[in-house]
Amino acid sequence: QVQLVESGGGLVQAGGSLRLSCAASGRTFSINAMAWFRQAPGKEREFVAAMRWSGGSTYFGDSVKGRFTISRDNAKNAVYLQMNSLKPEDTAVYYCAAKRSIGGLTTSMNYDYWGRGTQVTVSS
């Protein structure tokens with residue numbers, strides 16, 4: 001099992017920045033990739049960003065390209081989401097996820113482990 005704990009959410013004005021953190025523990029050697037998803041009220045869970053643990057390739061959802069970056073700290077088994085130029089439509093609960101398999105980074109059902117989420121609210 002892998003446990004994921006997110007932190008760093010909060011309230012920020014439009015145009016501002018936030019950095020989310022996700023700390024992984026447990027059988028972290030089994031992780032192939034980690035990602036961030038988000039879910040706004042009344043909407044489906046949306047892919048935000050992902051990073052392969054081997055090689056560090058990154059992937060982003062179209063709505064956040066150029067504004068968000070994903071990074072990792074191997075020593076801490078942590079992944080980070082730096083969110084810049086935030087917009088009110090970025091308001092959502094952000095979830096950290098980890099998967100064991102290789103393919104399908106952008107599909108939530110492919111992920112094996114999930115954190116409880118952290119709220120991000122962007123005011124206009």
Side-chain angles (χ1 to χ4, degrees):
Q1 291 292 327
V2 173
Q3 295 77 42
L4 303 173
V5 179
E6 305 99 333
S7 61
L11 174 64
V12 64
Q13 288 188 333
S17 299
L18 276 176
R19 186 188 191 220
L20 304 183
S21 301
C22 175
S25 61
R27 299 172 64 88
T28 57
F29 61 85
S30 68
I31 295 175
N32 178 272
M34 292 186 70
W36 291 93
F37 288 79
R38 68 186 183 186
Q39 189 165 18
K43 295 187 177 181
E44 294 186 354
R45 191 164 293 191
E46 176 190 13
F47 169 73
V48 175
M51 173 179 277
R52 292 198 185 279
W53 227 233
S54 176
S57 300
T58 59
Y59 307 83
F60 296 93
D62 289 340
S63 61
V64 306
K65 283 180 181 177
R67 299 188 297 123
F68 291 10
T69 58
I70 187 171
S71 61
R72 65 182 177 181
D73 184 330
N74 288 346
K76 296 182 179 180
N77 288 319
V79 66
Y80 307 97
L81 184 69
Q82 178 66 42
M83 306 185 293
N84 299 327
S85 301
L86 283 162
K87 305 175 182 179
E89 50 263 45
D90 293 318
T91 295
V93 177
Y94 284 70
Y95 296 91
C96 178
K99 65 194 299 291
R100 300 189 302 263
S101 60
I102 296 176
L105 285 179
T106 65
T107 303
S108 61
M109 64 183 300
N110 291 337
Y111 284 79
D112 304 291
Y113 308 105
W114 292 86
R116 294 187 175 184
T118 185
Q119 176 70 46
V120 172
T121 302
V122 183
S123 63
S124 56

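Every pair passing disulfide bond (SG atoms under 2.5 Å apart) that includes a residue from residues 86-124 is listed here, sequence neighbours excluded: Cys22-Cys96.
Here Glu89 pairs with nothing under the salt bridge (Lys or Arg N to Asp or Glu O under 4.0 Å) rule; sequence neighbours left out. Residues satisfying the salt bridge (Lys or Arg N to Asp or Glu O under 4.0 Å) test with Lys65, not counting sequence neighbours, are Asp62. Residues satisfying the side-chain hydrogen bond (donor to acceptor under 3.5 Å, both in side chains) test with Ser123, not counting sequence neighbours, are none. With sequence neighbours excluded, the residues forming a salt bridge (Lys or Arg N to Asp or Glu O under 4.0 Å) with Asp112 are Arg100, listed by chain and number. Taking Arg27 as the reference, nothing meets the salt bridge (Lys or Arg N to Asp or Glu O under 4.0 Å) condition, with sequence neighbours excluded.
Two residues are said to be in side-chain contact when any heavy atoms from C-beta on lie closer than 4.5 Å; Glu6 and Tyr94 fail this criterion. Two residues are said to be in side-chain contact when any heavy atoms from C-beta on lie closer than 4.5 Å; Phe60 and Ile70 meet this criterion. Taking the side chain as every heavy atom from C-beta outward, Val122 and Met83 never approach each other to under 4.5 Å. With contacts defined as side-chain heavy-atom distances shorter than 4.5 Å, the pair Asn32/Trp53 does not qualify. Using a 4.5 Å cut-off on side-chain heavy atoms (C-beta onward), Leu86 and Phe68 make contact. The closest side-chain heavy-atom distance from Met34 to Leu4 is below 4.5 Å.
Side-chain atoms of Glu46 do not come within 3.5 Å of backbone N or O of Arg38 as any donor-acceptor pair. Looking only at distances, no side-chain donor or acceptor of Gln39 sits under 3.5 Å from a matching main-chain atom of Ala92. Under a 3.5 Å cut-off, the side chain of Thr91 and the backbone N or O of Pro88 do form a donor-acceptor pair. Using modelled atom types, no side-chain atom of Thr58 and backbone atom of Met51 make a donor-acceptor pair closer than 3.5 Å.
Within a 6.0 Å sphere centred on CD1 of Ile102, other residues, nucleotides and ligands contribute 12 heavy atoms or fewer.
Relative ring orientation between Phe37 and Trp114 is described as tilted, the plane-to-plane angle lying within the 30° to 60° band.
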